[in-house]
Amino acid sequence: MDKVNNVTEIIFWGLTQDPVAAEVCLVVFSFFYTIILLGNLLIMLTIYMGNLWKSPMYFFLNCLSFVDICYSSVTAPKLVFDLLAKIKRISYAGCILQLFGVHFFGCTEIFILVVMAYDRYVAICKPLHYMTIMDQERCNKILLGTWVGAFLHAMIPVSLIVQLPFCGPNEINHYFCDIHPVLKLACTDTHIISGVVTANSGTISLGSFVILLISYTVILVSLRKRSAEGRRKALSTCGAHIAVVIIFFVPCTFTYMRPDVTFSDDKMVAVFYTIVTPMLNPMIYTLRNAEVKNAMKKLWCRKLFWDRNKK
């Protein structure tokens with residue numbers, strides 16, 4: 001295949017062509033992105049200042065908050081900026097980088113959610129061996145594995161797409177560069193590549209979703225042997241995880257399990273796993289987690305007390 005690339009920039013259609021709707025979206029998504037930054041930074045600060053990161057659960061929650069910030073930052077700032085622009089453009093190189101970022105940080109988030117489910121399984125089903133199984137060294141190795149695995153996953157579609165010829169058109173009905181919309185621009189048959197990409201992304205999305213469902217089913221079954229108080233605490237923690245999993249994986253699986261098919265609603269579905277989930281994570285984990293809330297109260301009370309003493 002001779003590679004011909006006459007496309008130097010990609011034009012997005014964006015979320016909407018309606019100027020009034022664009023103004024509403026500008027306010028809404030600017031607010032959402034602000035919440036993502038402040039909420040996740042607050043969780044990271046609370047875990048660090050409260051010395052909670054030594055616990056495996058909060059170690060991975062801290063990583064999840066960091067990934068949420070990176071993941072949303074790949075698409076949200078560009079989306080907000082484009083709502084102000086008449087022509088929504090991105091360079092070809094920028095498009096490839098955005099594609100890599102979406103799949104790298106998205107896959108990292110998937111793996112961390114799976115690891116957090118495993119952490120809850122060990123804590124609830126094997127409490128006596130919890131600190132032995134989930135020691136700091138093992139947590140560090142698991143975290144490294146999530147980053148390496150996500151990098152390998154993201155490199156597959158990128159390495160395939162950069163070899164394709166692009167000779168026009170250069171417009172996609174989306175607000176960021178994703179696999180299927182970009183493949184539509186290629187001047188060659190992409191059915192084989194689309195199948196490989198679907199197998200790659202779809203298997204990770206659906207496979208991880210099934211693993212998570214099995215994990216939480218095992219956890220819920222094991223709770224029958226616990227006291228009422230023990231069940232309440234475990235369900236409170238797992239409930240937050242399950243809520244995140246459903247909000248993230250259902251739209252993600254819907255998007256990436258389809259071979260070489262795009263719908264006009266795909267960009268609205270993508271909003272859930274690129275923006276809504278990173279925004280809801282801080283609220284779900286803080287409002288449903290007493291230990292995080294107590295750590296936040298101590299942190300802010302300490303800060304207020306320090307500020308008063310300085311005066």
Side-chain angles (χ1 to χ4, degrees), residues 40 43-44 47-48 52-74 97-127 129-160 179 196-219 237-238 240-242 244-249 252-253 255-257 273-274 277-278 281-282 284-285:
N40 284 291
I43 285 184
M44 294 172 66
I47 291 173
Y48 177 76
L52 298 175
W53 59 270
K54 295 180 180 179
S55 166
M57 176 181 174
Y58 297 107
F59 174 78
F60 291 115
L61 177 57
N62 184 62
C63 298
L64 180 65
S65 294
F66 173 75
V67 171
D68 276 337
I69 291 175
C70 296
Y71 186 36
S72 61
S73 296
V74 175
L97 286 173
Q98 189 178 56
L99 176 64
F100 174 82
V102 166
H103 285 267
F104 175 62
F105 291 114
C107 187
T108 304
E109 176 146 347
I110 287 174
F111 289 158
I112 289 178
L113 288 173
V114 172
V115 170
M116 291 177 74
Y118 175 72
D119 172 72
R120 290 302 85 203
Y121 162 76
V122 175
I124 293 171
C125 299
K126 300 181 179 181
H129 303 284
Y130 178 66
M131 295 311 298
T132 302
I133 297 174
M134 300 299 292
D135 59 21
Q136 190 62 51
E137 182 180 357
R138 181 164 298 176
C139 288
N140 290 334
K141 290 180 179 178
I142 291 174
L143 182 61
L144 177 61
T146 64
W147 288 103
V148 172
F151 178 81
L152 294 176
H153 158 74
M155 284 303 298
I156 292 175
V158 169
S159 61
L160 293 173
I179 294 175
V196 173
V197 166
T198 300
N200 178 34
S201 299
T203 300
I204 288 178
S205 300
L206 183 60
S208 299
F209 189 36
V210 171
I211 291 172
L212 287 166
L213 289 178
I214 294 173
S215 299
Y216 285 118
T217 300
V218 172
I219 290 173
T237 302
C238 292
H241 296 189
I242 293 171
V244 171
V245 165
I246 292 174
I247 295 171
F248 183 79
F249 278 91
C252 194
T253 302
T255 299
Y256 294 110
M257 279 303 294
Y273 59 83
T274 59
T277 300
N281 276 352
I284 289 173
Y285 282 106

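In this structure, CZ in Phe59 is found 12.5 Å from CG in Leu64, a value given to the nearest 0.5 Å. Atoms OG and CG, from Ser72 and Asn40 in turn, are 7.0 Å apart once rounded to the nearest 0.5 Å. Between atom CG of residue Leu113 and atom CZ of residue Phe249 there is a gap of 5.5 Å, rounded to the nearest 0.5 Å. One distance of note links CZ of Arg138 with CG of Leu143; it measures 15.0 Å at 0.5 Å rounding. For the atom pair CZ of Phe60 and CD1 of Ile47, the computed distance is 12.0 Å after rounding to the nearest 0.5 Å.
Aromatic pair His153/Phe111: centroids not less than 6.0 angstrom apart.
Of all non-hydrogen atoms in Thr277 and Glu109, the two that sit nearest each other are CG2-OE2, 3.9 Å. Residues Phe105 and Val67 come closest through the heavy atom pair O-CG1, 3.4 Å. Nearest approach of Ile112 to Cys63, heavy atoms of both residues: CD1-CB, 4.0 Å.
Take Phe104 and apply the side chain to side chain contact (heavy atoms under 4.5 Å, CB included) test, not counting sequence neighbours, and it matches Phe100, Thr108, Trp147, Ala150, Phe151, Ala154. Residues passing the side chain to side chain contact (heavy atoms under 4.5 Å, CB included) test with Tyr48, sequence neighbours excluded: none. With sequence neighbours left out, the salt bridge (Lys or Arg N to Asp or Glu O under 4.0 Å) criterion links Lys54 to no other residue. With sequence neighbours excluded, the residues forming a side chain to side chain donor-acceptor pair (under 3.5 Å) with Asn140 are Gln136, listed by chain and number. Every residue was checked against the side chain to side chain donor-acceptor pair (under 3.5 Å) condition with Tyr121, not counting sequence neighbours, and none meets it. For Asp119, the side chain to side chain contact (heavy atoms under 4.5 Å, CB included) test picks out Pro56, Met57, Tyr130, Met134, with sequence neighbours left out. Annotation: side chain to side chain contact (heavy atoms under 4.5 Å, CB included) contacts of Thr274 (sequence neighbours excluded): Tyr71, Thr75, Tyr175, Phe176.
Residue pairs meeting the salt bridge (Lys or Arg N to Asp or Glu O under 4.0 Å) criterion with at least one partner in residues 60-72, sequence neighbours excluded, are absent.
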From CA spacing to verdict: side chain to side chain contact (heavy atoms under 4.5 Å, CB included), His129, Val122: CA-CA 8 Å; His129 303 284; Val122 175; 5.9 Å; no

Side chain to side chain contact (heavy atoms under 4.5 Å, CB included) between Tyr256 and Asn200, intermediate numbers included: CA-CA 9 Å; Tyr256 294 110; Asn200 178 34; over 6 Å; no

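Ser215 is not listed as a side-chain neighbour of Tyr118, based on a closest heavy-atom distance of 4.5 Å or more. Between His103 and Ile179, the closest side-chain pair of non-hydrogen atoms falls below 4.5 Å.
At most 12 heavy atoms of other shown residues, nucleotides or ligands fall within 6.0 angstrom of atom CZ in Phe66.
Within the 3.5 Å criterion, the main-chain N or O of Val74 finds a donor-acceptor partner in the side chain of Gln98.
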What pairs of donor and acceptor atoms, side-chain ones from residues 202-212 against any protein atom, are under 3.5 angstrom apart with sequence neighbours left out?
residue: Thr203; atom: OG1; partner: Ala199; partner atom: O; Å: 2.4
residue: Ser205; atom: OG; partner: Ser201; partner atom: O; Å: 3.0
residue: Ser208; atom: OG; partner: Ile204; partner atom: O; Å: 2.7

